[in-house]
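Atoms within a ligand are numbered from 1 in the order they appear, just like the ligands themselves.
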Amino acid sequence: MKLTRAKRPSSAFTTVDFDRTGRQIGHIMFPHSPNDDAWGVTRVPVAVVANGKGPTVIMEGGNHGDEYEGPIVIGELARDLDPAELQGRLILMPSNNIHAVMGAQRTSTVDGLNFNRTFPGDPLGTITQQISAYMTDHIFPMGDAFLDLHSGGSSLDFIPSAAIEPTDDPALAARNFAAARAFDAPCTVIIGNLGDPRTATATACRAGLVTVGSELGGGGRVNAAALSVARRGVRNVLAHFGVIASSKASSINADRPIYELKGTPAYVYATAEGIFEPFHELGSEVRAGQAAGLIHRVWEPSIVPEQLSYAADGIVYARRQPGRVRPGNCCLAVATPQ
Ligand code: CA
């Protein structure tokens, strides 16, 4: 069942008509009046590709500005998909936190906000809050399904994976599970962000959309293997929803294991300032209590390195990219088989 809410007024306007058949590539324009531009706009790119009758699938990239596989693949779909191939509508948003994308950084260069911690947003707030409010009030109500393509960004590197968004609604949970499986990444992981309700995916679920996430590589670079996982995955999910013919997708390996980030023990946080030496590569099998790495205080050789340990059984799913750490930095995440 879809949540209906009164739309909060937004000063944003669009250069596309969401109800028109065919292909349009344009912008959602948010009036923005910084120091050097009294009457300007922030332009968030959007493409609408629509034909016939079928579900509306919303695809987001650039939620964080230093995660590149999603924006690349969504841009390709916007340019290359033949509307005649579709039954339904795609709303393609490759670079949603546009200021973060232009700055190639996680958070907005304008207001410093992490877009994915601003939902449901505020139409009278800062630019990032206005964009998330527009997603909540105007984009999600048009959708049946939502794909949010993330990667690890500058600070983490991941096993390329599809992410299952948890929800209290058992019927939606089953549909999220099936759609994430259809993505057919090497690894599929239930990621609840420790229950944070301020993410795009949590908000899409509350609006009743079937929701799929991803974590595709990372390290602030484009990962070629992750890019091919993403190119194949988005088409598989579109075929799963019936928007493109299954002949345009690849066959799916239903036997791949499902993992979960099980609460706070999944994460290994830095306990000291220093240089983190990880002991294991991505995909290594590890046990709770096992040594995970050392933090070296290289500027003070008399100090014995601090040892970090895993708190969960599973595989090393994510690993911090920069060696330099401060207390509280996420060094590792362990995904536990279901
Ligand atoms: Ca991300």
Derivation and outcome, side-chain hydrogen bond (donor to acceptor under 3.5 Å, both in side chains), residues Glu215 and His150:
CA-CA 5 Å; Glu215 295 293 355; His150 286 251; 4.8 Å; no
Rounded distance [0.5 Å steps], CE in Met135 versus CG in Asn96:
5.0 Å
Partners of Gln87 by side-chain hydrogen bond (donor to acceptor under 3.5 Å, both in side chains), sequence neighbours excluded?
none
Excluding waters, how many protein N/O/S atoms sit closer than 3.0 Å to the Ca ion (ligand 1)?
4
Please enumerate all residues that pass side-chain hydrogen bond (donor to acceptor under 3.5 Å, both in side chains) together with Asp17, with sequence neighbours excluded.
none
Describe, in one word, how the ring planes of Phe119 and Phe115 are oriented to each other, choosing from parallel (under 30°), tilted (30 to 60°) and perpendicular (over 60°).
perpendicular
For Asp82, side chain to side chain contact (heavy atoms under 4.5 Å, CB included) partners two or more places apart:
Ala84, Glu85
